[in-house]
There are 2 protein chains.
Amino acid sequence: MLQSTVTIEQTANFLKLLGDKTRLTIVGMLKQRECCVCELQEVFDISQPSISQHLRKLKDAGLVKEERRGQWIYYSLNPENELYGLIDPILQHVPDLKDKIEIINKSNPTLRCGC
Amino acid sequence: MLQSTVTIEQTANFLKLLGDKTRLTIVGMLKQRECCVCELQEVFDISQPSISQHLRKLKDAGLVKEERRGQWIYYSLNPENELYGLIDPILQHVPDLKDKIEIINKSNPTLRCGC
DNA sequence: TTAATATATAATTATTTGCTTATATATTAG
DNA sequence: CTAATATATAAGCAAATAATTATATATTAA
């Protein structure tokens, strides 16, 4: 694979972006499946605006895409990002996040009634 | 290779550490060869104490070792670090730092006179 | 011993960061 | 339309960060 044309400063900024526990966890979860904000809220002990602000940073860096579907805005990783290829090696060093995905699968916040 | 037993928080801290242009450059240079502070000074536009402080952070995180040899203290990467394996994939996305190594090879600050 | 060099530490400061609460906007349901 | 829900934005604040200058410590050379 060719070396990408990213500057050292861009790479440092990318690492700084992932150098936050919340954002790294979000990215790890999005690697498994897209999530909306209310789903992420199930997993983190911070306020909804705080989650939105982390997502905005990820989006501003082009690492994450958003897509509105009705009431919800779904976030997913953007494989077009020049440094996307770094995500996998990084996540390989991190414990599995399937438990977090389990949590939101079970609580299912986007299904408000079981009728 | 087995997945290492590092927490997501430790990984985030590691990425935050490398998420700084100066420190990422230092690590990239140390990947090529050990350096002392006065050599690194040739390459950066910041004060000597600032460089020492970056090195201390890297050392506190166990990413870097130091070894005094006479007047100089040489810094090198510590391959024992649990996340050492991440350094290569990261540096693959960064332009080569051989030019910086060239600079210190040429200025040769540890050789004060040619006699 | 003294002077020079290499490096570390301390104190200070401006900036950035991550959070909070309050509020605004957009969508859906009734 | 109105109420409820999902999300974003704004304002404010405390803590962390990266730099600076000043000073201390360690080593070498004379």
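So that the names make sense, note that chain A is the first sequence line, chain B the second, and so on, each numbered from 1. The structure displayed is predicted, hence computed values, not measured ones.
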> Check the distance between dA6(D)'s P and Y75(A)'s OH and give it to me in whole angstrom.
15 Å
> If you look at every strand shown and take non-hydrogen atoms under 4.0 Å, does F44(A) touch a base, only sugar-phosphate, or nothing?
nothing
> Apply side-chain contact (heavy atoms from CB on, under 4.5 Å) to the pair K65(A) and K59(A), showing each step before the final yes or no.
CA-CA 6 Å; K65(A) 293 178 300 182; K59(A) 203 186 66 175; over 6 Å; no
> Taking CD1 from I51(B) and C1' from dT9(C), how many angstroms apart are they, rounded to a whole number?
16 Å
> Just the rounded figure in Å: distance from C1' of dA6(D) to CD of E34(A).
16 Å
> Given dT9(C), is OP1 or OP2 found less than 4.0 Å from the side-chain N or O atoms of R56(B)?
yes
> Once side chain to side chain donor-acceptor pair (under 3.5 Å) is applied, do any residues pair with S47(B), and if so which ones, sequence neighbours excluded?
none
> Between E67(B) and Y74(B), do the side chains contain an N or O donor and an N or O acceptor separated by less than 3.5 Å?
no
> Round to a whole Å and report the spacing from CG of D60(A) to P of dA8(D).
12 Å
> Does the side chain of K57(B) get closer than 4.0 angstrom to OP1 or OP2 of dA18(D) through an N or O atom?
yes
> State, yes or no, whether a side-chain contact exists between D20(B) and H54(B) at a heavy-atom distance under 4.5 Å.
yes
> Which atom pair, heavy atoms only, marks the closest approach of C35(B) to M29(B)?
SG-CE, 4.5 Å
> How do G70(A) and K16(A) order along DNA chain C: which one's closest nucleotide is nearer the 5' end?
K16(A)
> Polar atoms only, N or O, under 3.5 Å: list the protein pairs with nucleotides 12-15 of chain D and their distances.
none

> Under a 4.0 Å threshold between the charged nitrogen and the carboxylate oxygen, would E102(B) count as salt-bridged to K98(B)?
no
> Can you find a heavy atom in the side chain of F14(B) that is under 4.5 Å from one in the side chain of N81(B)?
yes
> How about V94(A) and V6(B): do any of their side-chain heavy atoms sit closer than 4.5 Å?
no
> For a quick test of reading the model: is some side-chain N or O of Y74(A) closer than 4.0 Å to OP1 or OP2 of dT7(D)?
no
> Mind calculating the distance between CD1 (I104(A)) and P (dA6(D)) to the nearest angstrom?
14 Å
> Can you tell if the side chain of L63(B) reaches within under 4.5 Å of the side chain of N78(B), non-hydrogen atoms only?
no
> So, OP1 or OP2 of dT17(D): does either fall under 4.0 Å of a side-chain N or O from H54(B)?
no
> Can you list the residues that meet the side chain to side chain donor-acceptor pair (under 3.5 Å) rule with E9(B), with sequence neighbours excluded?
none
> Which nucleotide sits closest to the side chain of I46(B): dA8(C), dT20(D), dT9(D)?
dT20(D)
> Tell me the interatomic distance from W72(A), atom CH2, to dT28(C), atom C1', rounded to whole angstroms.
9 Å
> Pairs in or reaching into residues 24-40 of chain A: which pass side chain to side chain donor-acceptor pair (under 3.5 Å), with residues at least two apart or in two chains?
K31(A)-D88(A), R33(A)-E39(A), R33(A)-N105(A), E34(A)-R69(A)
> In residues 23-32 of chain B, which residues come under 4.0 Å of DNA chain D by heavy atom?
R23(B)
> Are V64(B) and S76(B) close enough that some pair of their side-chain heavy atoms sits under 4.5 Å apart?
no
> Given atom CG of L40(A) and atom C1' of dT7(D), what is their separation to the nearest angstrom?
12 Å
> Please produce a list of atom pairs where a protein N or O lies less than 3.5 Å from an N or O of nucleotides 21-26 of chain D.
none

> Could you tell me how far apart I73(A) (CD1) and dT5(D) (P) are, to the nearest whole angstrom?
17 Å
